[in-house]
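Chain letters run A, B, ... following the sequence lines, proteins first and then strands; every chain starts at 1.
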There are 2 protein chains.
Amino acid sequence: MLSKKTKYGLKALTYIARQEGNKPVQVGEIAKSEQIPQKFLESILLTLRKSGCLGSKKGKHGGYYLIKRPSEIIMADVMRVLEGPIAMVPCVSLNFYEKCDDCPDENKCTVNKLMIEVRDSTLQVLRNTTLEDLSIK
Amino acid sequence: MLSKKTKYGLKALTYIARQEGNKPVQVGEIAKSEQIPQKFLESILLTLRKSGCLGSKKGKHGGYYLIKRPSEIIMADVMRVLEGPIAMVPCVSLNFYEKCDDCPDENKCTVNKLMIEVRDSTLQVLRNTTLEDLSIK
DNA sequence: ATTATTCCTATCGATTTAGTAGGAATTACA
DNA sequence: TGTAATTCCTACTAAATCGATAGGAATAAT
């Protein structure tokens, strides 16, 4: 299941990408327009900023803005920041690999094999979709 | 994240599919061999039986057995029973559809569009993989 | 009868999710 | 220089889900 955090984060990024120019967009504006609890959205955008997806400006007339072109913001990266690993099990994760305690031999594990295929097919979509694709109306 | 329930369920199905003949396999045997808590596995196999993936025989010398050939047991179906919807959001689920409360127009929602693509690529794998594929050594 | 097994219901602790609360720090501007 | 508006940060919380565990009823073989 996609978390609300990810869902809200994607909607907010799309909203920002659709703005004219590159002026900072305020959390309050996004929250209102996209029907997202403002305080929750604050924390989400903070996460995105810390991970390098967004820039911010503090104080009055502050807000969030893109620091890359939409076409350079890859969904796979955004998803990893918001949702965590793309793989369904840690033992097939490229970026968050962990061995299973219960599995003596990974190469003989059928769950492992299946989940590698699922991961690869998901990645193919997420690597080839950018924020630009989402924000085209 | 794949739940332990699903992981254990897939391992158990594979174990059963690999047996000679079609004699009932006991929960205790599977649990021991695959390092799965027995009581937990009991409830998982019960779920699989109720959903039509497995048959069972009660009492002494009882156990679980396949009621279809491994090549007829589709991973997409098994995953739906164990893990629930394959889609990451209910609004793109084929079998468990639900409208989002926050989304006024589904067709204009960018999350919706992206998640349809993810769902389809995942389905392509899960529909084309059967228990036979998993159980070939 | 006895034993071995599935079947069923209920409960529980830990973790995660989806926020909320409160305020500090920073900036614009009158 | 003061005030308002904004991001930033920490802490907390209610509810749901996960990963079991407990205890025993029902059923079948011997």
To the nearest 0.5 angstrom, please state how far the OG1 atom of B:Thr14 sits from the CD1 atom of B:Ile30. 10.5 Å

Under a 4.0 Å heavy-atom criterion, the protein footprint on nucleotides 21-30 of chain D, written with B, S and -, is B-BB--BBBS

Would you mind reading off the distance between A:Tyr8 atom OH and C:dA18 atom P, rounded to a whole angstrom? 8 Å

Review item, nucleotides 11-16 of chain D N/O atoms under 3.5 Å of protein N/O:
none

Please work out if B:Gly28 contacts a base, only the sugar-phosphate, or nothing of the nucleic acid, heavy-atom cut-off 4.0 Å. nothing

Atom-to-atom span, CD of B:Gln35 to C1' of D:dA20 - whole angstrom: 17 Å

On DNA chain D, nearest-nucleotide positions of A:Gly62 versus A:Lys50: which is more 5'? A:Gly62

Look at A:Arg49 and D:dC8 and indicate whether a side-chain polar atom (N or O) is within less than 4.0 Å of OP1 or OP2. yes

Does a sphere of radius 6.0 Å around NZ in B:Lys108 hold more than 12 heavy atoms from other residues, nucleotides or ligands, not counting ones at 6.0 Å or beyond? no

Would you kindly give the OH-to-C1' distance between A:Tyr65 and D:dT6, to the nearest whole Å? 14 Å

Could you tell me the separation between the CD1 atom of A:Ile36 and the P atom of C:dT20, rounded to a whole number of Å? 13 Å

Group every Ile, Leu, Val, Met, Phe, Trp and Tyr by side-chain heavy-atom contacts under 4.5 Å, then state whether B:Leu123 and A:Leu114 land in the same group. yes

Using whole Å, report how far CD1 of A:Ile44 lies from P of C:dG19. 8 Å

